[in-house]
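Accompanying notes for the structure given below.
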Amino acid sequence: MNRPDIRFGAVTIDCAPHQTRQMIDFYCKLLDLTLENQEDELGPFPYLDGNGFNITLQPEEGYQPPTWPSLERGQQMHLDLMVHDIPEAVAYALEIGATESKEQYSKNWHIMLDPAGHPFCFCKITD
């Protein structure tokens, strides 16, 4: 059987409804994404376009943020983002609404939390 045409669509990230605008602003700034739509036939699911890398936000009543590094609710998901200068990326992320994780495990990556508490890592590009 030939492989069917399957392509990457989007990473879907949950958040509380009141966090939706903050999450849109954060990821558009962090990853240079563009808000493409705010509603579809299923309801309000903002779609952020990054020319091949896309994020959909899924506002949910009763959203409970990750408790990472605790296993109570784990990390739920995380993104690895490649950068040349980790301190510069960390400073920018903090400026636009991220926080630093208290837990750090390597000098080659730095763990951050988005406004809804999802971890993401800035990973050092090695040339």
Side-chain angles (χ1 to χ4, degrees):
M1 171 184 259
N2 290 332
R3 183 187 162 286
D5 185 17
I6 300 172
R7 296 181 224 171
F8 176 76
V11 172
T12 300
I13 302 175
D14 293 351
C15 62
H18 73 274
Q19 296 172 313
T20 304
R21 173 50 53 192
Q22 184 180 22
M23 292 286 282
I24 290 168
D25 293 344
F26 178 78
Y27 278 107
C28 283
K29 289 175 184 173
L30 183 70
L31 297 172
D32 196 24
L33 303 177
T34 303
L35 177 61
E36 290 296 316
N37 69 319
Q38 294 192 47
E39 292 190 30
D40 63 22
E41 64 279 359
L42 299 176
F45 295 102
Y47 181 82
L48 310 176
D49 180 33
N51 293 318
F53 178 81
N54 307 301
I55 292 177
T56 303
L57 297 175
Q58 184 167 285
E60 292 192 14
E61 293 294 337
Y63 167 75
Q64 294 290 310
T67 57
W68 184 90
S70 157
L71 298 179
E72 181 184 342
R73 286 190 304 273
Q75 64 181 338
Q76 298 178 12
M77 73 97 199
H78 83 268
L79 302 172
D80 286 338
L81 306 174
M82 306 306 292
V83 300
H84 288 285
D85 187 327
I86 290 176
E88 179 181 51
V90 167
Y92 179 71
L94 290 170
E95 182 180 308
I96 64 171
T99 56
E100 290 183 75
S101 169
K102 291 178 180 155
E103 301 290 331
Q104 299 294 330
Y105 299 101
S106 172
K107 64 181 171 105
N108 293 321
W109 69 83
H110 196 85
I111 305 162
M112 305 291 293
L113 304 172
D114 73 15
H118 299 285
F120 64 94
C121 297
F122 287 128
C123 303
K124 177 83 171 139
I125 294 173
T126 54
D127 298 320

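For the pair Leu31 and Leu48, the minimum side-chain heavy-atom distance is 4.5 Å or more. Residues Pro69 and Tyr105 form a side-chain contact, since some pair of their non-hydrogen atoms from C-beta on lies under 4.5 Å apart.
For the atom pair CZ (Phe26) and CD1 (Ile96), the distance works out to 5.0 Å, reported to the nearest 0.5 Å. Taking CG of Asp49 as the reference point, atom CG of Leu33 lies at 7.5 Å (rounded to 0.5 Å). Atoms OG1 and OH, from Thr34 and Tyr47 in turn, are 11.0 Å apart once rounded to the nearest 0.5 Å. Going from atom CG of Asn54 over to atom CD of Glu36 covers 8.5 Å, rounded to the nearest 0.5 Å.
Between the side chain of Gln19 and the main chain of Ala16, a donor-acceptor pair closer than 3.5 Å is present.
Under the salt bridge (charged side-chain N to carboxylate O under 4.0 Å, His left out) criterion, Asp25 pairs with Arg21, not counting sequence neighbours. With sequence neighbours left out, the side-chain hydrogen bond (donor to acceptor under 3.5 Å, both in side chains) criterion links Glu60 to Gln58. Every residue two or more places apart in sequence or in another chain that forms a side chain to side chain contact (heavy atoms under 4.5 Å, CB included) with Thr67 is listed here: Ser70, Glu72, Arg73. Partners of Cys123 according to the side chain to side chain contact (heavy atoms under 4.5 Å, CB included) rule, which considers only residues two or more places apart in sequence or in another chain, are Asp80, Met82, Trp109, Cys121.
Scanning both residues, Glu61 and Pro17, for their nearest heavy atoms gives OE2-CG, 3.3 Å. Thr20 approaches Leu57 most closely through the heavy-atom pair O-CD1, 4.0 Å. Between Asn108 and Ser106, the shortest heavy-atom distance links the atoms N-OG, 2.9 Å.
Cluster note: Leu71 groups with no other residue, as no ILVMFWY side-chain heavy atom lies under 4.5 Å from it.
In summary, of the residues considered (Leu81, Asp85, Leu79), a side-chain contact (heavy atoms from CB on, under 4.5 Å) with Phe122 occurs for Leu81 alone.
When the side chains of ILVMFWY residues are joined at heavy-atom separations under 4.5 Å, either directly or via intervening members, Phe120 and Trp68 end up in two distinct hydrophobic clusters.
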Pairs of donor and acceptor atoms involving the side chains of residues 110-119, under 3.5 Å and at least two apart or interchain, shall be tabulated with distances.
{"unit_1": "His110", "atom_1": "ND1", "unit_2": "Gln104", "atom_2": "OE1", "d": "3.4"}
{"unit_1": "His110", "atom_1": "NE2", "unit_2": "Glu100", "atom_2": "OE1", "d": "2.7"}
{"unit_1": "Asp114", "atom_1": "OD1", "unit_2": "Ala116", "atom_2": "N", "d": "2.8"}
{"unit_1": "Asp114", "atom_1": "OD1", "unit_2": "Gly117", "atom_2": "N", "d": "2.9"}
{"unit_1": "Asp114", "atom_1": "OD1", "unit_2": "His118", "atom_2": "N", "d": "2.9"}
{"unit_1": "Asp114", "atom_1": "OD2", "unit_2": "Tyr27", "atom_2": "OH", "d": "2.7"}
{"unit_1": "His118", "atom_1": "NE2", "unit_2": "Asp14", "atom_2": "O", "d": "2.7"}
{"unit_1": "His118", "atom_1": "NE2", "unit_2": "Tyr63", "atom_2": "OH", "d": "3.2"}

